[in-house]
There are 2 protein chains.
Amino acid sequence: MKKAQLTRQALLQKAFEQIYTGGYQTTSIDAILAATAVTKGAFYYHFKNKDEMGLALIEEVLRPTLRLQFESLLQSSDDPLQAIYRLMQHLLFENDLLQAAHGCPMGNLTQELTPWHPVLSTALDQLLQDWIQLMTQLLQKGQQSGFIKTAVSARSVALFVLSGYWGVRSIGKLGDSRTVYTAYLNELKRYLNTLR
Amino acid sequence: MKKAQLTRQALLQKAFEQIYTGGYQTTSIDAILAATAVTKGAFYYHFKNKDEMGLALIEEVLRPTLRLQFESLLQSSDDPLQAIYRLMQHLLFENDLLQAAHGCPMGNLTQELTPWHPVLSTALDQLLQDWIQLMTQLLQKGQQSGFIKTAVSARSVALFVLSGYWGVRSIGKLGDSRTVYTAYLNELKRYLNTLR
DNA sequence: CCAAAAACATACCGATCAGTATGTTATGCA
DNA sequence: TGCATAACATACTGATCGGTATGTTTTTGG
């Protein structure tokens, strides 16, 4: 990789970390520069402004990461319900990029930016739609292969599951996230089994 | 009510509106003052600083509102599962204080403040714990009166339901909230029935 | 009615922060 | 090798915003 691309990646990476743990507004460009030992001139050479960096962050960091998670989800089991459960378990407990106290990166950004930043919100919406659609298709395939009863709406289930995930990550940011997550996973497992 | 208390209430009310629709950081004190025709001197007479106003907002606006919602929930039906469903339906569609595009006030604040504001986060956590506990007790009563199977954990269910609610309100802020909400409610109803 | 405190008004300050202006150095290519 | 441009460095600006200093008005109690 060219050296210039390396600094760009470094900026995006540190920006992601700081924004994930501290929020978008709270993370100043100066703080990112201090953490990366990059200067302001370099930053504004690579990005027109802070928002464009945010956009690049969504497209070049968040999107590939999510894609990766979902691919491992697809390979984790033939049974889509078990695959979904394992994914959630992984996202809540085992993934070392995600930390309990800091919630879901995408959920965090959505919540913070939605009221006042239409451009980034639209980008996040597109990501979410992909996410929903992938899980819906997975569930539909599960219905065709007889794993899941056909009486339920795959899209509703996908939405229901993702809602629960976003929500529990929010709740986990407040109190004792470990016990919250285990309680949630228990009930999620029970819920998923009612779909068979 | 004394005149001084009226201005205090006006400040909290407008602050709530602006913070609910625009976020905590984005809402400047100056903006609140402009909306209320109150001056800065009056503001800092009533509140030591912005954060103390945020705390008053949580305790004096959010808490009573939630309490009100829950009381109407308790009176809405003998069947706790139906009561919960009706509450969610009401919160998502019928409540005119809450608007689809702006999410859940408490969820919004939690998401935005958690990373960097421990004091307000603690206050929000206490509110949430009340919320969870009330719903847990409601479910336990439902188990005792035979509405709900005793095999499930009331606390897990409460957490599961509240997570879904917070999550779907987040998701609803992004895209077409109406269809999202209806799909969610459909699956929620199905889920709740599996608890019988 | 009048002092004292409550309640409010106005002008200002200092820090932060996104963004810019203007440079300098590194790199690739003819 | 030299030059054009990419890539970065430094110093600065203008606006915003939370908070303060210092007033003035209003209310209250004796």
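Note: hydrogens, waters and symmetry copies are ignored here, and every other heavy atom, side chains too, is used. Letters go in sequence order (proteins before strands), and every chain restarts at 1.
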Asks: Tell me whether the NZ or CZ atom of B/Lys50 lies within the 45° cone about the ring axis of B/Tyr24 and under 6.0 Å from its centre.
Replies: yes

Asks: If the threshold is 4.0 Å, N to carboxylate O, is there a salt bridge linking A/Lys141 and A/Asp78?
Replies: no

Asks: Any idea which of C/dA9, C/dG19, D/dT28 is nearest the B/Ala42 side chain?
Replies: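 Among the listed nucleotides, the one closest to the side chain of B/Ala42 is C/dA9.
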
Asks: Consider only side-chain N and O atoms of A/Gln129 and A/Asp125, and report whether a donor and an acceptor are under 3.5 Å apart.
Replies: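 Judged by distance alone, the side chains do pair up.
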
Asks: Enumerate the protein-to-nucleotides 21-25 of chain D contacts in which both atoms are nitrogen or oxygen and the separation is below 3.5 Å.
Replies:
none

Asks: Tell me whether the OP1 or OP2 atom of D/dC8 has a side-chain N or O from A/Tyr45 closer than 4.0 Å.
Replies: no

Asks: Check the side chains of B/Glu52 and B/Tyr44 for a donor-acceptor pair under 3.5 angstrom, ignoring hydrogens and angles.
Replies: no

Asks: Among D/dC8, C/dG19, D/dG18, which is the nearest nucleotide to the side chain of A/Tyr44?
Replies: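 Closest of the options to the side chain of A/Tyr44: C/dG19.
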
Asks: Give the ring-plane orientation class for B/Tyr191 versus B/Phe160, where under 30° counts as parallel, over 60° as perpendicular and anything between as tilted.
Replies: tilted

Asks: Go through D/dT10, C/dA9, D/dG18 for me and flag the one nearest to the A/Thr39 side chain.
Replies: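 Nucleotide nearest to A/Thr39's side chain: D/dT10.
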
Asks: When the distance from CD of B/Gln5 to P of D/dT28 is rounded to whole Å, what number comes out?
Replies: 12 Å

Asks: Which pair of heavy atoms, one from B/Tyr184 and one from B/Gly164, lies closest together, and at what distance?
Replies: OH-C, 3.5 Å

Asks: Taking only side-chain nitrogens and oxygens of B/Thr7, does any of them come within less than 4.0 Å of OP1 or OP2 of C/dA7?
Replies: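 No, because none of the side-chain N or O atoms of B/Thr7 sits under 4.0 Å from OP1 or OP2 of C/dA7.
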
Asks: May I ask you to verify if any side-chain N or O of B/His46 is less than 4.0 angstrom from the OP1 or OP2 atom of C/dC8?
Replies: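 The answer is yes; a side-chain N or O of B/His46 sits under 4.0 Å from OP1 or OP2.
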
Asks: Round to a whole Å and report the spacing from CG of B/Asp30 to P of D/dG18.
Replies: 7 Å

Asks: In terms of side-chain heavy atoms of B/Ser28, which of C/dC8, C/dG19, D/dC17 is nearest?
Replies: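 So the side chain of B/Ser28 is nearest to D/dC17.
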
